[in-house]
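Heads up, the thing below is written out as structure tokens.
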Amino acid sequence: MTTREPDGLPSQYAPAEVETRRYEQWEKAGYFQPEAQGHSQSEAQQGAAAPAFTIVLPPPNVTGSLHVGHALDHTLMDALARWHRMRGFRTLWLPGMDHAGIATQNVVERELAKEGLSRHDLGREAFVERVWRWKAEYGGKILGQMRRLGDSVDWTRERFTMDEGLSRAVQTMFKRLYDDGLIYRDNRIINWCPRCLTALSDIEVNHEDDEGELVYIRYGDNSKTGDGAGDRTGDGTGTAAGAGGGIVVATTRAETMLGDTAVAVHPDDERYAHLVGKTVELPLTGRRIPIVADAHVDPEFGTGAVKVTPAHDPNDFEIGRRHDLPTLTIMDEHGVITAPGPFEGLDRFEARPAIVAALREDGRIVKEVRPYVHAVGHCDRCGTVVEPRLSLQWFVRVATLAKAAGDAVRDGRTVLYPSEMNARFFGWVDDMHDWCISRQLWWGHRIPVWYGPDGPDGQPQVRCVGPDEEAPAGWTQDADVLDTWFSSGLWPFSTLGWPEPTADLREFYPTSVLVTGYDILFFWVARMMMFGTYAMKDRAPQEAVPFRKVLLHGLIRDQFGKKMSKSKGNTVDPLELIDRFGADAVRFTLARGANLGGDMSLAEDWVAGSRNFCNKLWNATRFALMNGATSVRSGELTELTAADRWILSRLSAVTGDVTRWLDEFEFGKACDALYHFAWDEFCDWYLELAKVPLASGDEAAAASTRRVLGFVLDQMLKLLHPVMPFVTDELWCALTGEDSVMLAPWPEFALPDPAAEAELASLMRLVTEVRRFRSDQGLRPGQRVPARLAGIEGTPLAPHEESIRSLLRLTAPEDGFAVSASLAAEEVMVEIDLAGTVDVEAERKRLEKDLAAARKEAAQTSGKLGNESFMAKAPADVIAKTRQRLADAEADTVRLESRLATLG
RNA sequence: GGGCGAUUGGCUCAGCGGUAGAGCGCUGCCUUCACACGGCAGAGGUCACUGGUUCGAUCCCAGUAUCGCCCACCA
């Protein structure tokens with residue numbers, strides 16, 4: 001039940017209204033823009049320009065909506081941005097979106113299909129126009145969702161990979177690479193998606209284990225004697241080339257045999273040495289093809305003989321080049337057989353069994369068919385099995401670019417977190433294939449190359465056209481567009497105005513940190529580093545890299561540790577969680593689970609737990625306000641009690657810890673530290689202790705406590721703000737009367753007090769001990785019990801007698817007080833009058849259990865101290881600690897024995 | 001096929017060469033005047049297995065098992 005209290009704050013935090021109002025206020029005030037952040041509050045930085053802190057948002061697909069992976073990504077980025085803003089950095093978090101070539105085109109094509117149209121019915125220009133219309137209407141849903149999360153991005157600098165400035169950047173980059181000979185066009189085997197009808201780069205292909213068949217086929221015919229291989233075989237050279245003659249090859253893609261133009265064996269393979277240079281007959285076709293020797297062949301695999309299909313397999317293509325074999329294309333772009341004959345017009349997956357069946361008509365040809373599980377490439381976008389296809393495409397020559405990217409990490413100009421990712425990164429950049437960048441799509445950046453009339457060499461003239469150049473009249477532009485990742489690779493600098501020498505580029509590049517899941521380290525990070533170091537090569541090397549740090553966080557799994565996927569139905573919608581628990585709760589849960597390098601699981605229960613934490617903060621602040629707390633500066637903290645000095649000492653520790661953890665991207669540890677400080681130390685102990693002076697009637701003591709309450713709360717809310725922006729802003733403003741905590745200076749408070757910590761630790765041990773007794777005795781928590789704290793005078797706990805009595809609900813001894821139980825704790829004998837109702841058996845059981853534990857501990861530690869090897873080799877501090885443990889255990893033993901004795 | 005990581009209470013995870021931690025869940029008591037989205041107390045683990053190094057191993061090393069991820073042009 002929510003009741004409205006006199007202080008104006010209801011007893012439960014209601015996130016929805018606060019979130020909407022606060023976000024609007026922040027945006028309106030311009031806090032997200034570095035220009036409006038007013039960097040004058042930090043004395044340390046006066047006179048000097050505030051340092052810049054930059055994050056570019058990994059641009060989500062224009063087709064996308066916010067999933068829980070984004071929510072984690074964004075929470076970490078926003079926490080970093082907010083933290084740096086509070087520390088006085090000119091902070092820019094730049095948002096934007098990716099045009100997502102294939103994904104977007106597919107979406108719009110599906111929409112067209114509902115109208116019975118294909119993109120070809122519209123034509124290129126109208127189709128692209130239609131995609132833009134789709135974008136205007138439905139695209140970018142994710143941007144609105146980011147506001148719900150509280151993302152403090154600078155909306156005035158939002159960019160899109162297809163907007164005019166970025167398109168110029170793309171064209172400029174292409175032209176520079178082209179002029180430097182780093183872009184070329186070639187006829188090569190590329191990954192082809194027969195459904196999307198476009199080339200794909202290696203990273204757009206996912207390898208999955210599929211069940212297939214390995215078919216052993218005998219090439220060459222020994223039913224007739226005569227030329228070729230047949231007449232020399234059958235001489236016991238093994239099963240491969242054995243009885244029956246010819247040569248047996250193994251294949252998983254039987255249909256490609258129609259395009260075979262050779263059989264290859266290893267040059268050192270003695271089984272086949274006599275066949276090299278001969279020809280065999282290719283079944284079903286009547287063609288004779290040569291047997292060649294090539295070192296690529298693995299003699300151990302299959303029969304050691306490989307069919308060679310240069311037009312349909314990348315390895316075979318290379319073999320074909322080395323041996324000058326013809327390329328025979330037998331399939332069209334849809335994966336339909338085009339080779340004349342009975343299989344023409346069949347889809348590749350229909351042709352495969354059909355061809356095996358046809359081969360089987362002659363019982364001697366198919367030697368064996370065995371089930372075979374092997375990795376097959378699938379289109380990243382639609383899942384269709386990728387077909388290697390020979391075609392004319394554009395490529396980036398990556399060797400030098402990739403090396404530069406690798407060097408940036410090797411030199412420490414860019415640091416990966418966690419560093420375990422270095423090995424993966426190097427493995428990738430050091431062995432990268434040339435990047436196929438042309439796509440047979442309509443949605444994307446058109447390749448800026450134009451073709452004219454034939455030149456002197458009989459080939460059409462080619463010209464790469466820069467952004468400020470005109471193509472010669474009458475020439476035609478290349479029909480293809482660029483891979484989406486080409487433009488995203490420019491993101492850290494194209495968004496800041498490159499290639500123009502803008503002020504933003506000067507100030508905010510290199511960006512400070514890139515935050516992303518480790519799954520796209522290679523997709524995207526490596527490319528940005530290749531392009532960034534190249535585009536900025538006129539800068540000093542350490543200023544050329546696109547980011548100084550890369551934070552790679554784990555993936556989010558469900559509560560059972562399983563990867564989330566739509567097909568499993570175990571996805572979590574972050575917006576629904578925000579609706580139910582509030583954005584701060586979702587953010588805190590994600591940040592708390594974010595351990596460097598580790599994946600995290602997400603369950604609703606934890607979000608509920610974080611929601612409870614928000615509410616705890618809410619009520620702690622409400623309590624403080626109801627008691628007249630206001631924020632003060634640390635200089636106003638005077639007349640401090642031990643409890644005050646204790647909480648201030650703990651605040652000092654958590655301030656240092658949180659700052660350090662954030663600096664190391666250890667969000668989980670920072671959140672844990674704050675959670676325990678706020679809940680266990682501040683709420684459960686300090687607020688309870690504070691009730692004594694607040695209610696004491698001693699106005700000086702109450703005023704001092706109000707100041708400490710206000711100060712600690714003020715600092716604590718600031719420390720929490722990067723991760724929980726909404727609730728902290730609302731509460732901090734209620735406490736201080738300021739407009740927003742967003743630009744409040746980050747706490748640097750340090751007032752450690754070991755003596756106070758020791759004193760309060762002693763108090764807590766005593767209180768806990770007596771509470772346990774009370775619980776064991778079945779006393780209701782609220783029940784007042786007469787008690788005497790015998791012997792407290794002169795101990796460090798003496799000043800706390802009133803607090804102890806308050807925490808334990810102990811009343812002063814009155815007439816007729818009779819000790820029915822006494823517990824020795826912390827040098828104090830707590831004598832309690834239970835009016836004779838003490839449960840002796842329960843107490844005896846408890847004491848005997850504790851006594852057994854204490855004796856065991858004493859025996860163990862004493863044994864250790866009697867061990868010569870231990871005493872000789874263990875370090876002094878360990879021995880000292882062990883001695884202390886023994887002393888404690890012995891003291892406990894004595895104490896417990898005496899308590900047992902008093903039970904009678 | 002290659003590389004990397006994981007294996008700790010019911011669940012999800014921290015931790016770390018020297019007395020096992022958290023959150024949630026669980027048990028008992030309690031509407032004590034900030035909060036039942038709460039308070040207090042409590043139960044629960046031979047830190048995957050087998051060896052090794054060490055005075056001492058959950059932690060270091062080797063091997064085994066299981067799981068996960070990334071990379072991959074052996075047909």
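Side-chain atoms are counted along with the backbone in the values below, which use heavy atoms only and exclude waters and symmetry mates.
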Within-4.5 Å side-chain heavy-atom neighbours: Arg622(A) and Asn619(A): yes
If you only use heavy atoms from C-beta on, which nucleotide in A34(B), G18(B), A75(B) is closest to the side chain of Val878(A)? G18(B)
Assign each of Asn619(A) and Lys873(A) to its nearest nucleotide of RNA chain B by heavy atoms, then name whichever residue's nucleotide is nearer the 5' end. Asn619(A)
Looking only at atom C1', what distance separates U53(B) and G1(B), rounded to whole Å? 34 Å
Among the nucleotides C71(B), G15(B), C37(B), whichever has the atom closest to the side chain of Asn612(A) is C37(B)
What does Phe773(A) touch in the nucleic acid at a heavy-atom separation under 4.0 angstrom: a base, only the sugar-phosphate, or nothing? nothing
Measuring only the C1' atom in each nucleotide, how far is G28(B) from A43(B)? A whole number of Å is fine. 10 Å
Tell me what Asp298(A) touches on the nucleic acid: a base, only sugar-phosphate, or nothing, going by heavy atoms under 4.0 Å. base
Salt bridge (Lys or Arg N to Asp or Glu O under 4.0 Å) between Glu664(A) and Lys669(A): does it pass, once the steps are laid out? CA-CA 10 Å; Glu664(A) 294 172 17; Lys669(A) 288 173 180 153; over 6 Å; no
Quick check for you: among C35(B), C55(B), C24(B), whose closest atom lies nearest to any side-chain atom of Tyr675(A)? C24(B)
When you measure from the side chain of Ala874(A), which nucleotide among C37(B), A34(B), G18(B) comes out closest? G18(B)
Among A72(B), C55(B), A34(B), find the nucleotide with the atom closest to the side chain of Ala620(A). A34(B)
Atom pairs under 3.5 Å: protein N/O with N/O of nucleotides 39-44 of chain B:
unit_1	atom_1	unit_2	atom_2	d
G39(B)	OP1	Lys616(A)	NZ	3.0
G39(B)	OP1	Trp679(A)	NE1	2.5
G39(B)	OP1	Asp684(A)	OD1	3.4
A41(B)	O2'	Ser775(A)	OG	3.4
A43(B)	OP1	Lys849(A)	NZ	3.0

Taking the side chain of Lys864(A) as heavy atoms from C-beta outward, which of A22(B), U19(B), G18(B) is closest to it? G18(B)
Arg424(A) has a side chain; which of C69(B), A34(B), A75(B) sits nearest to it? C69(B)
Assign Lys691(A) to base, sugar-phosphate, or nothing according to its heavy-atom contacts below 4.0 angstrom with the strands shown. base
Just checking Pro388(A): base, sugar-phosphate only, or nothing, at a heavy-atom cut-off of under 4.0 Å? nothing
By nearest-heavy-atom nucleotide on RNA chain B, the more 5' of Lys307(A) and Ala624(A) is Ala624(A)
Pick base, sugar-phosphate or nothing for Ala375(A), based on heavy-atom distances below 4.0 Å to the nucleic acid. base
With the side chain defined as heavy atoms from C-beta on, His676(A) is closest, among G15(B), A75(B), G23(B), to G23(B)
Dot-bracket, RNA chain B: Watson-Crick or G-U, under 3.5 angstrom, [ ] crossing, | other strand? (((((((..((((....[..)))).(((((.......))))).....(((((..]....))))))))))))....
For atom P, what is the distance between U7(B) and C13(B), given to the nearest Å? 10 Å
Nearest of G23(B), C33(B), G18(B) to any side-chain atom of Phe870(A)? G18(B)
Can you tell me which nucleotide in A34(B), U12(B), G18(B) comes closest to the side chain of Glu688(A)? A34(B)
